[in-house]
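For ligands, and for the atoms within them, numbers begin at 1 and follow the listed sequence.
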Amino acid sequence: MAANHLRFSKVIDALPATVPFVAPEALERQSGKPIELRLGANESPFGISPKAMEAIRAEAAMGNFYGDPESLELRTALAAKHGISLNQMAVGSGIDEILGWITRAFLDPGDTVVTSLGGYPTFNYHVTSFGGKLHFVPYTAEWKNDLAGLSQAARETHARLVYLANPDNPTGTFYSAQAVMEFIESLPKDAVLILDEAYIEFADQSEVLPLSPVMDRVIRLRTFSKAYGMAGLRIGYAISGPEIIAVFDKFRNHFGVNRVAQAGALAALEDTEFLEMVVEQTRVGRADLAMAAERHGHFAIPSSTNFLLTHVGSDARSSQMVDELLVRGVFIRKPGILPLSECIRITIGTPTQHAKLLRALDEVW
Ligand SMILES: *Cc1c(COP(=O)(O)O)cnc(C)c1O
């Protein structure tokens, strides 16, 4: 008879089985061919700052001890850098983890969340896993988040949370301080805005909304995964009012941020020269790639990130390009939802990688 006695929670049981991200490692295993250019996940091709590497090596020897659950040294450095207080900041194992804290802290089953259609998918997985309902707002014709649309949807659906990535993934588009501030002011007073700034280091810094004064109904999210090149170490942080920051302590995984990541992040913060090099090389590579796209008659969406989204005509065409590049050892990705899925997304590589990429693209385009 062997009845199956396993019982999952109702919310989880109702979710479809899925493998949301096919990693380049999995693609290599499937094809039996090594990936030569890993340009699909916006990981930094410039690696980790040599100074951070030194700190990481030294700290690895202390791996028998748990990390500081308060990440105090790092938080102190970040607070000084951003001109905010310690109780306005929490460190987690990447933005992805913190997005989970936020949904858990704010959502009851059935609550509504507003986000862009085709926007950053990890947030959506968290929302559905806590029984939240997603309300999607399409991007504008200029491939930008529709701020007025998001705000209106938040009012109409009585949303608990609103999500905005700025600069955006997957489009790369960016809103300056004034536009973001007007958006914040237009939101209903009982909604909390998640402002995901994973790519903020790549944006024009004079156009970035200042972190201070900290706003109680806004959660700013930053990470060491992109410009700082530490995606595999898993570390990022949230900045918000003390009430929200304190609530995370009720349930977060207190030892979830490992000590190697904490030490690496601290040293990386100090190596501003390395960061500037990464940002500058990225800017040059991005302009180069955009020119190559336009030479081939494809529209490259202006990007404030370390990747470029390029419109290549159709969903079928973009899928074909992803496959044809993979055959040539180049891993890139494309968005899954129309009309974004008519585009391909390529992470900006080092100058050497770039030369190889452009050769592959010349064949494929
Ligand atoms: C890459 C990315 C993240 C992931 O950040 P981690 O700190 O590595 O978890 C979050 N949000 C956006 C928009 C991203 O593109």
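Every side chain to side chain contact (heavy atoms under 4.5 Å, CB included) that Thr223 has, sequence neighbours left out, goes to Ile95, Ala198, Ser225, Lys226.
For Phe174 and Tyr199, the ring centers sit 6.0 Å or farther from each other. The six-membered or imidazole ring of His311 lies near that of Trp143, with a centre-to-centre distance under 6.0 Å.
Looking at ligand 1, you'll find an N or O of Lys226 within less than 3.5 Å of one of its N or O atoms. When only interatomic distances are considered, the shortest N/O to N/O separation between Asn42 and ligand 1 does not fall below 3.5 Å. Between Ala165 and ligand 1, not a single N/O pair is under 3.5 Å apart. At a 3.5 angstrom cut-off on N or O pairs, Asn169 counts as close to ligand 1. Polar contact with ligand 1: absent for Glu97 (N/O pair, distance under 3.5 Å).
For the atom pair Thr347 OG1 and Gln353 CD, the distance stands at 9.5 Å (nearest 0.5 Å). The distance from the CD atom of Glu324 to the CZ atom of Arg317 is 6.0 Å, given to the nearest 0.5 Å. Atom-to-atom distance recorded for Leu211:CG and Ile239:CD1 is 4.5 Å, nearest 0.5 angstrom.
Under 4.0 Å from ligand 1, the heavy atoms of Asp196 that appear belong solely to its side chain.
Not a single heavy atom of Gly236 sits closer than 4.0 Å to an atom of ligand 1. Heavy-atom distances between Tyr163 and ligand 1 reach below 4.0 Å in at least one pair.
Salt bridge present: Lys356 and Glu36 bring a charged side-chain N and a carboxylate O closer than 4.0 Å.
The local environment of CZ in Phe65 is sparse, with at most 12 non-hydrogen atoms from other residues, nucleotides or ligands closer than 6.0 Å.
What sits closest to atom 3 (C) of ligand 1 on the protein, heavy atoms only, is Tyr120 OH, 3.2 Å. Counting protein heavy atoms only, atom 5 (O) of ligand 1 is closest to Ile95 CB, 3.7 Å.
Ligand 1 places these atoms under 4.0 Å from at least one heavy atom of Tyr199: 1 (C), 14 (C), 15 (O). Counting atoms of ligand 1 from 1 in the listed order, those under 4.0 Å from a heavy atom of Arg234 are 6 (P), 8 (O), 9 (O).
Between Val91 and the choices Asp68, Leu74, Leu72, the side chain to side chain contact (heavy atoms under 4.5 Å, CB included) rule is met once, by Leu74.
With distances taken over non-hydrogen atoms, the option nearest atom 8 (O) of ligand 1 out of Gly92, Ala41, Ser225 is Ser225.
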